[in-house]
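In what follows, every chain begins at residue 1, and chains take the letters A, B, ... in the order their sequences are listed.
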Protein chains: 4
Amino acid sequence: MWSTKEPGAGGDGILSHPTGPRSDRIHAQVLAATQELLDEGGLPAATVDAIAQRSGVSKATIYKHWPSRTAVAAKAFGHMMAEELPLPDTGNSRDDLTEQVRRVSTFYASPRGEVFAQLLAACVDDPAAAPYFRVYFLAGRREAVTTLWQRAVDRGDASPDTDVDDVIDILFGPLIFRRLTGHYDLTDEHAEKLARTALDGLMRSTV
Amino acid sequence: MWSTKEPGAGGDGILSHPTGPRSDRIHAQVLAATQELLDEGGLPAATVDAIAQRSGVSKATIYKHWPSRTAVAAKAFGHMMAEELPLPDTGNSRDDLTEQVRRVSTFYASPRGEVFAQLLAACVDDPAAAPYFRVYFLAGRREAVTTLWQRAVDRGDASPDTDVDDVIDILFGPLIFRRLTGHYDLTDEHAEKLARTALDGLMRSTV
Amino acid sequence: MWSTKEPGAGGDGILSHPTGPRSDRIHAQVLAATQELLDEGGLPAATVDAIAQRSGVSKATIYKHWPSRTAVAAKAFGHMMAEELPLPDTGNSRDDLTEQVRRVSTFYASPRGEVFAQLLAACVDDPAAAPYFRVYFLAGRREAVTTLWQRAVDRGDASPDTDVDDVIDILFGPLIFRRLTGHYDLTDEHAEKLARTALDGLMRSTV
Amino acid sequence: MWSTKEPGAGGDGILSHPTGPRSDRIHAQVLAATQELLDEGGLPAATVDAIAQRSGVSKATIYKHWPSRTAVAAKAFGHMMAEELPLPDTGNSRDDLTEQVRRVSTFYASPRGEVFAQLLAACVDDPAAAPYFRVYFLAGRREAVTTLWQRAVDRGDASPDTDVDDVIDILFGPLIFRRLTGHYDLTDEHAEKLARTALDGLMRSTV
DNA sequence: TGATAAGCGAGACGGTACGTCTCGTCTTCCG
DNA sequence: CGGAAGACGAGACGTACCGTCTCGCTTATCA
């Protein structure tokens, strides 16, 4: 499985290249500029030229640190989303998970949710960027749900035999499907219904 | 909700422009050429220039009939997938649905599944193409599952109160999620496990 | 030499095709529409589609009557310029010719002079249109100067041996040269100087 | 007046953009390719795509160096004509000028004269290209005649008060007029007659 | 401290597809 | 059956973004 821990600069294996003090400055500037651009105009606005111009880092240097513009954007997006979405904690495992589904649904429907969808889409055509999206964004999201699920297991509300990866896919896959195809709007009501049905299958022991 | 019936020539509302006998020839030629290109090199190969050249239809004409190359590809893909995936019929509703999930999982992992993912991704950045993908491809897939689910309801294996759209999202959303992020391979075993868990929540009365 | 007489409908040899009352209506509508377009936006505005739309005559029909859009424009332009530029008549041949040069210079510098230049240029790349420009526009201009020159000959101010075609070329060729290359503005002073020098060579007997 | 000196790379004001060693290579390749195309098929053959393909320089780069294909062609044409047409030197000013007129007339009637006419015509609809044609082609031609005229002045055959620009226009404007409208062929006899008449006005003191 | 090499900014460049435009032909159907 | 309407093929246009490259300047490390 892909690593879920936040890699430090220079310690993320295949995902980074140069090292040292200059490198740190470059990373910071590029990511900051990219975050601005993503917020202003989504992925389409985060062209390499735009990032280079705004960050003051040259295109050549960017390509020495990242394999593609999508990779840059994925990492920048992961960092800007890191502090968002604090975990719910109602004392009830099922309620916590339901609330999390609702929050993610709301996020998908927001402007940054649009960026999320663009990034997910871009990774399809850019295999080199996919690991960046997984490590710097998805890992954090999965970790959050893993925490909630572990609580449920600890409380005896869920079976320790159920693979948390399946839990994640079943709870959030449907939301992503809807977000991408656009065949339905993402509403709180819908998110709750989805969570209820999914959790019925996942946490049947709690019924 | 978006229509699920296959629109006839000239009868698909916003999705087509010119009409008449000449139009029919153009549609046939363009779609045939696009299908070939999709099979040969996926969405990236289906450039408007390539489609124009192979079909003998000029670019300008293509743009009169479709809003973008993604829309052309979506319709072509829908047509080429129309006859695939016959419905399973084991006599057992739950087995049928499980088998369908397995088949779709296999499809997603195939070359044409790659095209599916590319199309889904392309629609994120091309809102005009999204309805084409929904009407000409997704609708057919949803219809198939709707049939299976209806059987289950008729047999008393499922509640008529459950919205089939939710069923579809829960059964296939997770597969799509995995297909897009690539964080796991799509295996038969995994598909079965997913189906089992999801159906536990959806068809609890059958337990 | 090319004919200088205004050809009647159906009587201008290679320059026209259909005949009859319907033809007359079509000619009138097309030329009127084209004249409007030329005045509004010059030659670039007189596209075949625009002419067809404004005149109510179909493109196919236009191409039955003229070999190209430039030919249409040339004829339309000739007709709209037919009444302009009355001949000067000061009683002095040399003054008349000088005045004519000045007037033509002014015309070249006007908006319609721009159209003249565009038409002249278009005929370079459209041999089929050239005769239309010569017959329907240039012939009329040359005829005017021929009249002036004949007066001079009759008065004994010019030699009957001098070919009037050479006179025309020498008097107006320089203006056209300047108009096309744009290396100088066309001013009255310049036109007069040009006429003076040229007429010194052409009408030496008058010195 | 516009400059008549051949501008060096990077020193031609509005007429060029990038500079440096890479730029030199691009200019050389593009102009060489364009010259070939002009000789093979005239201006219509010198499309930007064709120039790009043959020169190995991308379209985008061409558009960074020149405002339009006409500008490229004008410069290429100027360079390929630079060595042509050595000055006549018979010892007699009037004969030299007459000979020059004859040579230019012959040139206009040649295949490259056709290109000249196409270029002149194209500049009418492409104001951005006009300065290129003036600087890189016309300037050289005017310079040649200026030399001949200066000789005449030095020998006392012509008045120093006569503006050489007028001389040029009167000697060559008529040829251009005929070349463009095509109302007469360009023959040696005609050129001589034209030169004789024009020079009668210009060099009357020599009679 | 000064040399040497690597990192870097600036931006030119080739490549490739885009979506648009106008021409002149061809088809369809109406009066 | 002539003509209006307009679909159509052809092919050039000029633009956008990608990712690579070349060029000097700057910075960091080692002689």
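Atoms CD1 (A/Ile51) and P (E/dG11) sit 18 Å apart, rounded to a whole Å. The interatomic distance linking A/Arg54 (CZ) with E/dG11 (C1') rounds to 19 Å, in whole Å. Straight-line distance from the CG atom of B/Asp125 to the P atom of F/dC18: 12 Å, rounded to whole Å. Between A/Ile26 atom CD1 and E/dA6 atom P the separation is 16 Å, expressed in whole Å. Taking atom CG of B/Asp24 as the reference point, atom P of F/dA7 lies 14 Å away to the nearest angstrom. When rounded to the nearest whole Å, the span between CD of D/Gln53 and P of E/dG14 equals 14 Å. Distance C/Ile62 CD1 to E/dC26 C1': 16 Å, rounded to the nearest Å. If you take NZ of D/Lys64 and P of E/dG11, they are 11 Å apart, rounded to a whole angstrom.
Of the residues near DNA chain E, C/Asp126 and D/Ser55, the one whose nearest nucleotide (by heavy atom distance) lies more toward the 5' end is D/Ser55.
Centroid-to-centroid, the aromatic rings of C/Phe137 and C/Tyr132 stay 6.0 Å apart or farther.
In this structure, C/His79 and C/Tyr136 have perpendicular ring planes: the angle between them is above 60°, well past the 30° mark. Taking the six-membered ring for Trp and thresholds of 30 and 60 degrees, B/His27 and B/His65 have ring planes more than 60 degrees apart, a perpendicular arrangement.
Listed by first and then second residue, the side chain to side chain donor-acceptor pair (under 3.5 Å) pairs involving residues 116-125 of chain C are C/Glu114-C/Gln118 (not counting sequence neighbours).
Between B/Arg69 and B/Asp126 there is no salt bridge, since no side-chain nitrogen of the basic residue lies less than 4.0 Å from a carboxylate oxygen of the acidic one.
Between D/His65 and the phosphate of E/dA12, there is no side-chain N or O to OP1/OP2 separation shorter than 4.0 Å. In terms of phosphate contacts, D/Arg25 brings a side-chain nitrogen or oxygen within less than 4.0 Å of OP1 or OP2 of E/dG14.
Looking at A/Thr61, its side chain never comes within 3.5 Å of a backbone N or O of A/Val57 through a donor-acceptor pair.
Side-chain contact between D/Met80 and D/Thr34 is absent, with no heavy atoms from C-beta onward closer than 4.5 Å.
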Reading nucleotides 15-21 of chain E 5' to 3', which nucleotides get B (base under 4.0 Å from a protein heavy atom), which S (sugar-phosphate only), which -? B-SBBBB
